[in-house]
Enquirer: 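Just passing along the structure, written as structure tokens.
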Amino acid sequence: MAKRVALITGITGQDGSYMSELLLEKGYSVHGIVRRVALEDPDHHLWRLRNVLKDLVLHSASLESFASLHRVIRSVKPDECYHLAAQSFVSYSFEDEFSTLNANINGTHYVLAVLHDLAPQCRFYFAGSSEMFGRAEEVPQNEKTRFHPRSAYGISKVAGFELTRNYREAYGLHASSGILYNHESPRRGYEFVTRKITSHAVRIKLGLARELPLGNLEAKRDWGHAREYVKAMWLMLQQPVPGDYVVATGENHSVRELAEMAFSYVGLDYSDYVTVDAGLFRPAEVDVLQGDASLARRVLGWKYELSFADLVREMVEEDLRIYRERRSAPAT
Ligand code: F7E
């Protein structure tokens with residue numbers, strides 16, 4: 001039987017790398033869209049794909065260019081498309097609302113429009129976000145909870161979610177959205193609060209930093225492991241009918257608890273090192289997010305079994321490995 005063909009946008013990111021590994025394990029031919037600069041400087045841009053790079057087919061294109069997406073999709077003819085690319089840092093979306101809205105909304109629209117023209121049988125996954133709930137009217141949130149986004153990022157994800165739904169309803173595309181809560185891993189970028197905390201706890205422990213400035217310590221999030229969340233994305237595209245699903249652990253923890261746990265893992269008291277920097281507060285904060293993933297459990301058979309402590313421990317251990325290695329590397 002011919003291999004199934006998957007196309008991933010955002011393949012160089014945390015979720016793209018786990019998704020590539022999952023699809024390769026399942027025997028797919030995996031293609032990814034990357035920026036030109038990633039191919040020119042692979043050490044810097046493709047490190048998350050290190051272990052699987054030789055098994056992937058990468059195409060340079062831009063989510064800002066309809067023509068480049070048209071070219072790639074015409075040649076790949078995917079059976080499944082995982083649209084993971086986005087400007088995903090909420091804080092940055094306050095600094096540049098316009099580029100966040102342009103990249104996230106138009107990028108999603110272009111991919112959907114090209115698939116509709118060239119590969120209407122292709123199954124499509126849109127990376128929705130719990131940020132769409134924003135100032136949520138209920139805790140926990142489910143697929144029926146009203147959206148109230150609090151940032152250009154959240155607004156762009158609501159627009160992408162609605163575009164996806166409309167391509168499903170208007171043109172019959174097998175298009176699904178995951179409403180994913182925060183998902184982390186040792187491959188998380190250093191600007192997100194989990195990685196910022198685990199990497200600083202380790203650097204402070206090793207004498208490479210003195211303090212950790214943070215913003216709102218009382219914000220609460222439902223943090224899960226990215227490796228488990230990509231399984232839910234794949235399951236959505238294996239269903240006979242498309243749909244929208246919350247993907248979450250069902251627990252929430254505060255930024256303060258996260259800091260306490262990460263620092264205690266390296267034998268330190270977070271309160272000796274964490275400082276509060278008013279400049280790191282967001283103009284509009286999302287105070288608490290917690291998801292109810294019962295629909296994903298029931299329909300997709302998706303289960304989440306890791307604990308918050310396991311996730312934090314895995315991230316701290318990876319940062320310990322990285323910074324110890326860096327410290328002992330000979331100076332060049
Ligand atoms: O912030 C607070 C901050 O930047 C988490 C993205 O993947 O998940 C992520 O969005 C919380 C917020 O993630 C700092 O105010 C305090 O309340 O790690 P974060 P996020 O904004 O929740 C959703 C589901 C997505 O879809 C996004 O793409 O932590 N916080 N002090 C801080 N956050 C950061 N980054 N840095 C701080 O110093």
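Just so it is clear, the model here is predicted, and its values are computed rather than measured. When a ligand or atom number is given, it counts from 1 through the structure's own listing order. One-based numbering along the sequence shown.
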Enquirer: Report yes or no: does S68 contribute a side-chain atom to a donor-acceptor pair with the main-chain N or O of S65 at less than 3.5 Å?
Expert: yes
Enquirer: Quick one: salt bridge (Lys or Arg N to Asp or Glu O under 4.0 Å) pairs with a partner in residues 161-179, sequence neighbours left out?
Expert: E162-R165, R168-D244
Enquirer: Can you name the residues that form a side chain to side chain donor-acceptor pair (under 3.5 Å) with S93, not counting sequence neighbours?
Expert: none
Enquirer: Dump the pairs for me: ligand 1 N or O, protein N or O, distance under 3.5 Å, to 0.1 Å.
Expert:
from, atom 1, to, atom 2, distance (Å)
ligand 1, 1 (O), R282, NH2, 3.4
ligand 1, 4 (O), R282, NH2, 2.9
ligand 1, 7 (O), R188, NH2, 2.8
ligand 1, 8 (O), N182, ND2, 3.1
ligand 1, 15 (O), E285, OE2, 2.6
ligand 1, 17 (O), R221, NH2, 3.0
ligand 1, 17 (O), E285, OE1, 3.1
ligand 1, 17 (O), E285, OE2, 3.0
ligand 1, 18 (O), V193, N, 2.8
ligand 1, 21 (O), R282, NH1, 2.6
ligand 1, 21 (O), R282, NH2, 3.4
ligand 1, 22 (O), N182, ND2, 2.8
ligand 1, 22 (O), R221, NE, 2.9
ligand 1, 26 (O), S129, OG, 2.7
ligand 1, 26 (O), Y153, OH, 2.7
ligand 1, 28 (O), S88, O, 2.6
ligand 1, 28 (O), Y153, OH, 2.9
ligand 1, 31 (N), G215, N, 2.8
ligand 1, 35 (N), E191, O, 3.0
ligand 1, 38 (O), K196, NZ, 2.8

Enquirer: Any idea which heavy atoms bring T145 and F133 closest together, and the distance?
Expert: O-CE2, 3.3 Å
Enquirer: Tell me, please, which residues at least two apart from T164 pass side chain to side chain donor-acceptor pair (under 3.5 Å).
Expert: none
Enquirer: State which residue, out of R195, R203, R324, H200, fulfils the side-chain hydrogen bond (donor to acceptor under 3.5 Å, both in side chains) condition with D319.
Expert: R195
